[in-house]
S.K.: 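Dropping a structure here in structure tokens format, bear with me for questions.
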Amino acid sequence: MSETNWYVVHTYSGYENKVKANIEKTIENRKLQDQILEVSVPIQDVIEVKNGVKKKVQKKMFPGYVLLNMVMNDDTWYVVRNTRGVTGFVGPGSKPVPLTEAEMRGMGIKKDDVVIDLTVGDTVAVISGVWENTTGVIKQINPHKQIVTINVDMFGRETPVEISFTDVKKIM
């Protein structure tokens, strides 16, 4: 597999989440999961004060931009560049320039990889996040995205959910 890098894509303002969803759908349809690993719209929590009331809201760190962790080749470039709402990659002309290590650290993107001792079929307990205090059996492990997929009971149905490595604990 070729080397993956982080690239920045410019979008129409306000279309960041729609572009992210469209790219993720295309990745699934064209089976590009091993070439486009992550699509991100970085957000940060900000406290706004309106009429004397403090309110915690989420704001996009880079409005008009979407970050992609991907292998750059003709196929991935074409898929991303021709996604509705994308105006182009950041870089001179039509040549995308990957982010440097320093740029990624400054944005808080580069995470340390978490190594887990879990395998498909293990039963885990969710220790934090939305699904806290839920248990499930691991159906899939994605080391690139640092997530496991487990089935949880939702409205009487088994539903697959993706949970971060750091949010699960193996049940002995």
Side-chain angles (χ1 to χ4, degrees), residues 1-44 58-122 124 126 129-131 136-151 159-168:
M1 185 170 110
S2 298
E3 184 183 348
T4 61
N5 287 304
W6 283 94
Y7 294 90
V8 181
V9 175
H10 189 266
T11 67
Y12 295 124
S13 186
Y15 276 69
E16 300 90 352
N17 292 328
K18 189 169 251 337
V19 166
K20 177 182 178 191
N22 288 342
I23 291 173
E24 287 173 342
K25 180 65 91 179
T26 305
I27 291 168
E28 189 177 318
N29 291 342
R30 293 193 179 202
K31 307 212 180 323
L32 296 171
Q33 292 91 340
D34 59 335
Q35 294 180 43
I36 302 175
L37 305 178
E38 190 175 346
V39 184
S40 175
V41 178
I43 55 173
Q44 63 184 358
Q58 291 187 327
K59 296 244 182 193
K60 293 180 182 90
M61 290 173 69
F62 310 107
Y65 295 94
V66 175
L67 305 175
L68 296 153
N69 187 11
M70 62 188 264
V71 175
M72 183 56 69
N73 59 36
D74 290 343
D75 292 337
T76 57
W77 181 90
Y78 182 83
V79 164
V80 173
R81 181 62 186 90
N82 290 295
T83 299
R84 186 181 184 126
V86 172
T87 59
F89 280 93
V90 172
S94 63
K95 181 164 176 28
V97 176
L99 293 173
T100 65
E101 289 284 329
E103 290 169 330
M104 291 188 300
R105 273 194 304 277
M107 290 189 273
I109 295 173
K110 197 68 172 167
K111 301 177 273 201
D112 295 333
D113 285 350
V114 177
V115 179
I116 57 167
D117 62 343
L118 300 173
T119 56
V120 173
D122 285 349
V124 294
V126 182
V130 177
W131 298 101
V137 176
I138 296 178
K139 299 296 177 192
Q140 186 178 359
I141 298 174
N142 187 332
H144 296 296
K145 287 188 176 181
Q146 300 274 299
I147 57 171
V148 293
T149 303
I150 64 170
N151 281 348
T159 306
V161 232
E162 294 181 339
I163 309 219
S164 170
F165 285 176
T166 58
D167 294 341
V168 294

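Small disclaimer: the values here were computed from a predicted structure and weren't measured.
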S.K.: Could you go through the side chain to side chain donor-acceptor pair (under 3.5 Å) check for T26 and N29 one step at a time?
M.R.: CA-CA 5 Å; T26 305; N29 291 342; 5.6 Å; no
S.K.: How many angstroms lie between CD in E38 and CD1 in I147, if you round to the nearest 0.5 Å?
M.R.: 9.0 Å
S.K.: To the nearest 0.5 Å, tell me how far M61 CE sits from S40 OG.
M.R.: 9.0 Å
S.K.: Please find the pair of heavy atoms, one from I138 and one from I150, that lie closest to each other, and give the distance.
M.R.: CA-CG2, 3.9 Å
S.K.: Is it the case that over 12 heavy atoms from other parts of the model lie below 6.0 angstrom from the CG atom of N82?
M.R.: yes
S.K.: Partners of E24 by side chain to side chain contact (heavy atoms under 4.5 Å, CB included), sequence neighbours excluded?
M.R.: K20, V39
S.K.: Any idea which heavy atoms bring E28 and Q33 closest together, and the distance?
M.R.: CA-NE2, 3.9 Å
S.K.: Once side-chain hydrogen bond (donor to acceptor under 3.5 Å, both in side chains) is applied, do any residues pair with K59, and if so which ones, sequence neighbours excluded?
M.R.: E48
S.K.: So, for T87 and T11, which heavy atoms are closest and what is the spacing to 0.1 Å?
M.R.: OG1-N, 4.0 Å
S.K.: If the plane angle is over 60° it's perpendicular, under 30° parallel, otherwise tilted; pick one for W77 and F89.
M.R.: parallel
S.K.: Let me see the working for H10 and Y65 under ring pair (Phe, Tyr, Trp, His ring centres under 6.0 Å), right down to the final yes or no.
M.R.: CA-CA 5 Å; H10 189 266; Y65 295 94; 4.9 Å; yes
S.K.: Identify the two heavy atoms, one from P160 and one from T149, that lie closest to each other, and give their separation to 0.1 Å.
M.R.: CB-CG2, 3.9 Å
S.K.: How far does CD1 of I36 sit from OH of Y7, to the nearest 0.5 angstrom?
M.R.: 11.5 Å
S.K.: Run I23 and V80 through side-chain contact (heavy atoms from CB on, under 4.5 Å) and show every step you take.
M.R.: CA-CA 7 Å; I23 291 173; V80 173; 4.3 Å; yes
S.K.: Looking at every non-hydrogen atom in both residues, tell me the closest pair between F165 and N142 and how far apart they are.
M.R.: CZ-O, 3.8 Å
S.K.: Going through the distances and angles, do L68 and T76 end up as a side-chain contact (heavy atoms from CB on, under 4.5 Å)?
M.R.: CA-CA 11 Å; L68 296 153; T76 57; over 6 Å; no
S.K.: For R81 and V86, work out which heavy atoms get closest and say how close.
M.R.: NH1-O, 3.5 Å
S.K.: Verify the distance criterion only: is there a donor paired with an acceptor across the side chains of Q35 and D75 at less than 3.5 Å?
M.R.: no
S.K.: Considering only heavy atoms from C-beta outward, does the side chain of N5 approach that of M72 to under 4.5 Å?
M.R.: no
S.K.: Within this structure, what is the OH-CZ distance for the pair Y12 and R84, rounded to the nearest 0.5 Å?
M.R.: 9.0 Å
S.K.: Around atom NZ of K18, are there more than 12 heavy atoms from other residues, nucleotides or ligands closer than 6.0 Å?
M.R.: no
